[in-house]
Amino acid sequence: MRRLIALFAGLNLALGAIVVRLGILQVSQADAYQARALDQRLQTLVLPASRGQIVDRSGEPLAISQAARDVYADPRYVTDPTGEAARIAPILGVAVKTLLPNLVADASFRYLARQVDIGVADRLEALHLPGIGFLPSTKRFYPAGPLAPQVLGFVGVDGVGLPGLELEYQSLLAGRAGSLTQEFDPNGQPIAGGVDQEQPPVPGSDIVTTIDRDFQYQVQAALQEAVKANHAIGGTVIVMDPHTGDVYAMASYPWFDPNDFVDATQAAMRNRAVTDSFEPGSVNKVITAAAAVEEHVLPLDQQLTVPWTMRIGTFTIHDSHPHPPEPMTLGDIVAQSSNIGAVKVAQRLGAARMATYLSKFGLGRATGIAFPGESPGMMLPLYQWSDTSLATMAYGQGISVTPLQMISVYSTIANAGGWVQPRLVRGTVDANGTFHAAPPSPVRRVVSAQTARTVTSMLAYVVEAGTGTAAQIPGYQVAGKTGTARIPRPSGGYYTDRYFASFIGFLPASDPQVVIAVILDRPTTVYGGIASAPLFQTIARYAIERLGIAPGSILSLPPHVFPVP
Amino acid sequence: MSQPAHALPEPAPDDRPLHGAAVPVPRRAPRTRPAGKPPRPQAPLRRKTPVRHQTEPLRETPRPRAAPKPTARRRGSVGFLVLFAIVVGSMVLGLVSLSALLAESSFRADDLQHRIDALAQENLDLTREQAALSAPGRIDAWARRSGMRLPDDIRFLHVPGEAQTAPAGGADALARTERPLKPVVGGSG
């Protein structure tokens with residue numbers, strides 16, 4: 001009897017314990033356990049947003065994204081590291097010894113390759129190798145290869161734009177990733193009627209650039225040829241619409257293929273047109289001339305006697321070629337690119353007005369083109385000018401500018417005296433396909449339209465009879481200016497055998513449709529009129545064809561002493 | 001006077017039937033013991049029902065009702081069971097069918113999603129192929145291989161009725177041009 005009672009009591013106790021535990025599980029901790037159970041069944045997948053395209057002004061693709069796979073290894077499940085490495089290596093195109101450390105590592109996750117093409121990933125997956133897995137990824141593809149690579153930039157393996165427009169418009173291009181939360185059974189199949197919450201991704205917007213793809217290609221081909229022909233170490237070309245500020249082409253040589261940016265050098269990655277500054281040399285005389293005309297410091301027909309050397313303080317300045325003292329009008333000074341003449345004009349202006357016009361034309365500050373790393377150039381503030389500053393700045397030494405700043409100066413003249421902010425992006429196309437035009441570039445008045453027209457006639461005279469005759473195009477009146485700038489030494493002074501040869505101009509002179517800047521770095525042919533003007537002419541001819549530019553009427557030349565051939 | 005040894009003992013007082021109480025009817029007659037064997041001592045009988053005193057009034061025994069016929073009762077139970085089975089079976093079948101339909105939808109949605117992914121991938125591949133084929137570098141190389149070249153000169157179409165000034169070799173030639181002329185791409189030297 002006692003045993004029965006004990007057994008009964010024991011059973012009751014056990015049952016009571018079960019009931020209590022059940023109560024704890026089902027009542028007091030029910031929510032927590034329910035949540036844990038749900039958590040085991042739930043899987044949240046990140047739905048990556050597709051990166052927007054970068055297209056040219058006509059909608060031709062310059063950068064597109066494509067699906068890819070990341071290949072990884074979980075070394076804990078790799079059964080035969082050597083054998084698996086030997087089978088994977090030829091498919092991925094890497095050495096076995098590169099893969100092996102990742103397959104034997106004391107880790108649970110190691111990347112074997114990133115952004116692998118889908119086809120390659122499929123071949124690997126078909127091998128069913130233990131411990132090898134795949135993750136969805138995307139890869140940026142630049143269908144035209146090395147076309148405007150410094151402008152476009154590239155995208156890193158994590159899908160983030162690094163330099164160029166890919167970086168500048170990262171947030172717009174990237175879009176917003178979504179998520180998909182679902183309940184899955186142990187077989188990995190979604191449970192019908194279970195949790196199914198989807199936050200759809202928002203695709204990135206397309207960026208519509210101002211670049212003309214075909215024109216850019218022609219410009220790059222011509223630049224490469226000119227660099228080689230002149231034995232230069234590099235070069236920069238910008239082609240721009242003077243009225244809208246749209247950049248049709250922007251090329252910097254050397255360049256690289258953004259599809260294979262890993263092997264690119266830092267020098268090749270720089271967009272020299274925007275990030276590098278140089279002493280412009282004689283192309284800067286257009287500012288001196290424009291200021292003189294605007295300020296009426298020198299009548300157009302007044303002749304100055306110009307020697308070939310002049311002493312400023314302790315320095316002696318001279319023209320590029322010896323010549324006896326010659327009478328020159330302002331037009332002659334610009335056309336013959338006389339340094340002494342430019343200094344004489346600047347002295348009439350004075351340092352304050354000279355500094356004002358340099359600043360009004362945009363030197364010493366970034367243009368605001370919306371490009372990462374834009375350089376503002378370097379211009380000494382007026383209070384730091386020395387005795388020689390006014391003189392050297394008059395002919396473009398002692399001041400540094402970017403090619404983009406310099407083409408903006410000429411664009412101002414071509415745009416009837418209005419400075420237009422250059423731009424690389426016309427607008428964006430959202431996920432619905434709606435085009436959102438970028439706001440028009442801001443314009444500010446620098447000189448009067450009359451002054452701009454007068455200076456244009458001087459620039460036309462440069463090409464007709466001055467230093468820029470190599471830029472002539474039959475049937476068109478071209479306005480432009482040559483520049484041959486010495487390159488400063490880091491330790492002070494200038495190299496005697498290193499120059500930037502440049503030519504910046506526009507056409508047709510009477511109704512400018514396109515402005516072109518050509519700058520060659522250290523050509524053996526030295527002079528802008530010899531090294532760069534022919535390249536300007538080649539590109540200008542492309543522009544005439546591509547943009548359908550009509551010849552226009554002819555501007556009369558300014559008063560001059562030197563005869564026109 | 002003495003009694004015979006084999007005579008039956010008188011029944012114990014407890015074994016005597018009580019007046020007014022139900023007397024159990026023996027189903028068969030008590031067997032007589034074989035002769036020669038002594039009778040077993042009689043254990044006292046246990047009384048399952050309390051002993052009623054004679055003074056307690058007698059209750060009238062209820063008259064038993066007429067029990068339902070066994071066949072009708074069985075028929076009712078079978079009907080209920082059949083109905084129950086039908087209802088439960090229908091519910092189970094419905095639930096299973098619904099679950100199967102949902103599962104089928106899930107599989108179908110999964111298949112469609114895979115198909116969408118495959119088509120999107122195909123679209124991307126075609127976009128890439130189209131972009132690569134239209135790249136200017138490829139077209140330029142193809143054109144050069146085919147013997148084509150860029151024009152050496154620019155020629156103009158003169159639109160009838162408009163100013164006819166042919167540019168030829170310099171800006172001066174255009175000095176009297178009033179209206180722009182349209183360039184034609186493709187003219188050669």
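Chain identifiers are assigned alphabetically (A, B, ...) following the order of the sequence lines, protein sequences preceding nucleic acid strands; residue numbering begins at 1 within each chain. Since this is a predicted model, take the numbers as computed values, not measurements.
In this structure, B/Gln130 CD and A/Ile64 CD1 are separated by 8.5 Å, a value rounded to the nearest 0.5 Å.
A/Tyr217 and B/Gly137 make their closest contact through CE1-CA, 3.4 Å (heavy atoms, listed as atom of the first residue, atom of the second, distance). Taking every heavy atom of both residues into account, A/Pro61 and B/Ala131 meet most closely at CG-CB, 3.5 Å. For the residue pair B/Ser134 and A/Glu60, the shortest heavy atom distance occurs at OG-OE1, 4.2 Å.
Within the 4.5 angstrom heavy-atom criterion, no atom of A/Leu555 approaches chain B. There is no contact between A/Tyr142 and chain B, counting heavy-atom distances below 4.5 Å. For a residue to count as touching a neighbouring chain, one of its non-hydrogen atoms must lie under 4.5 Å from one of that chain's; by this rule A/Ser556 does not touch chain B. Contact annotation for A/Gln220: neither backbone nor side-chain heavy atoms come within less than 4.5 Å of a heavy atom of chain B.
Other residues, nucleotides and ligands place more than 12 heavy atoms under 6.0 Å from the CZ atom of A/Arg57. A 6.0 Å sphere centred on CZ of B/Arg144 holds no more than 12 heavy atoms belonging to other residues, nucleotides or ligands.
Close approach to chain A, defined as a heavy atom under 4.5 Å from one of its heavy atoms, is seen in B/Gln121, B/Leu124, B/Thr127 of residues 118-127 of chain B, taken by number.
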